[in-house]
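Any value given below was found using the heavy atoms of this structure, including those in side chains, with hydrogens, waters and symmetry copies removed. One is the number of the first residue; the rest follow in order along the sequence. For clarity, every value in this text was computed on a predicted model and none was experimentally measured.
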Amino acid sequence: MSKADFATILEEVRGLVARFSKTQVEVTEETELISELGLDSLLVMEIVQEVEDIFDISFPLNNLAETRTVGDFVRQVQQEIGD
């Protein structure tokens with residue numbers, strides 16, 4: 001996939017995250033993946049795998065340590081697409 005803009009990636013990730021979420025929280029750029037959405041490490045890994053497939057990227061797992069919010073995750077994905 002060619003370089004995607006932030007909004008496009010955000011919409012895709014929001015849909016995925018909402019599908020995996022254990023809560024009814026509205027997913028925004030500021031939504032925290034773990035504390036607000038009730039995601040555990042297995043669900044986060046499933047989301048990462050789906051994002052890798054959708055955007056044809058390899059997401060470095062060490063980047064997850066820096067990823068707190070949906071926006072953080074989207075920026076990481078955008079960076080991988082651009083690399």
Side-chain angles (χ1 to χ4, degrees):
M1 173 176 229
S2 61
K3 247 187 164 176
D5 67 10
F6 186 85
T8 302
I9 300 167
L10 179 61
E11 277 310 302
E12 192 72 45
V13 170
R14 284 180 64 205
L16 272 175
V17 169
R19 201 172 83 221
F20 283 95
S21 175
K22 295 180 183 280
T23 67
Q24 296 300 315
V25 172
E26 180 185 354
V27 179
T28 68
E29 185 179 338
E30 293 82 27
T31 305
E32 294 192 12
L33 291 168
I34 305 299
S35 63
E36 287 184 68
L37 296 175
L39 300 176
D40 60 24
S41 57
L42 182 60
L43 290 175
V44 170
M45 291 307 301
E46 288 183 41
I47 292 168
V48 168
Q49 187 174 12
E50 290 217 22
V51 165
E52 286 178 330
D53 291 345
I54 290 167
F55 293 105
D56 194 28
I57 61 170
S58 179
F59 190 89
L61 296 181
N62 59 338
N63 286 355
L64 285 176
E66 308 163 11
T67 306
R68 193 175 53 83
T69 66
V70 171
D72 293 340
F73 185 62
V74 170
R75 281 184 279 285
Q76 293 285 345
V77 170
Q78 187 177 31
Q79 181 177 333
E80 291 306 313
I81 291 170
D83 286 351

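Within the structure, every pair that satisfies the salt bridge (charged side-chain N to carboxylate O under 4.0 Å, His left out) test and touches residues 9-19, not counting sequence neighbours, is listed here: E11-R14, R19-E50. Contacts classified as salt bridge (charged side-chain N to carboxylate O under 4.0 Å, His left out) and involving residues 21-33 (residues at least two apart or in different chains) are given here: E29-R75, E32-R68.
More than 12 heavy atoms of other shown residues, nucleotides or ligands fall within 6.0 angstrom of atom CD in E66.
Here E52 pairs with nothing under the salt bridge (Lys or Arg N to Asp or Glu O under 4.0 Å) rule; sequence neighbours left out. Checked against salt bridge (Lys or Arg N to Asp or Glu O under 4.0 Å), E46 has no partners two or more places apart in sequence or in another chain. With sequence neighbours left out, the side-chain hydrogen bond (donor to acceptor under 3.5 Å, both in side chains) criterion links S21 to T23. Residues passing the ring-ring contact (aromatic ring centres under 6.0 Å, His included) test with F59 are F73, sequence neighbours excluded.
Here the straight-line distance linking atom CZ of F20 with atom CE of M45 works out to 11.5 Å at 0.5 Å rounding.
Each of L43, V74, L37 was scored for a side-chain contact (heavy atoms from CB on, under 4.5 Å) with V17, with one residue passing: L37.
Using a 4.5 Å heavy-atom cutoff, the side chains of I54 and L16 are in contact. The shortest distance between side-chain heavy atoms of I81 and I9 falls below 4.5 Å. Contact check for V44 versus I34: side-chain heavy atoms found under the 4.5 Å cut-off. Inter-residue side-chain proximity for V70 and L33 is flagged as met; some heavy-atom pair is nearer than 4.5 Å.
Here the closest non-hydrogen pair linking E80 and I57 is CB-CD1, 3.9 Å. Closest heavy-atom contact between P60 and S58: CD-O, 3.4 Å. Taking every heavy atom of both residues into account, N63 and Q76 meet most closely at ND2-OE1, 2.9 Å.
Cluster membership for L42 and L61, using ILVMFWY side-chain heavy atoms within less than 4.5 angstrom, is not shared.
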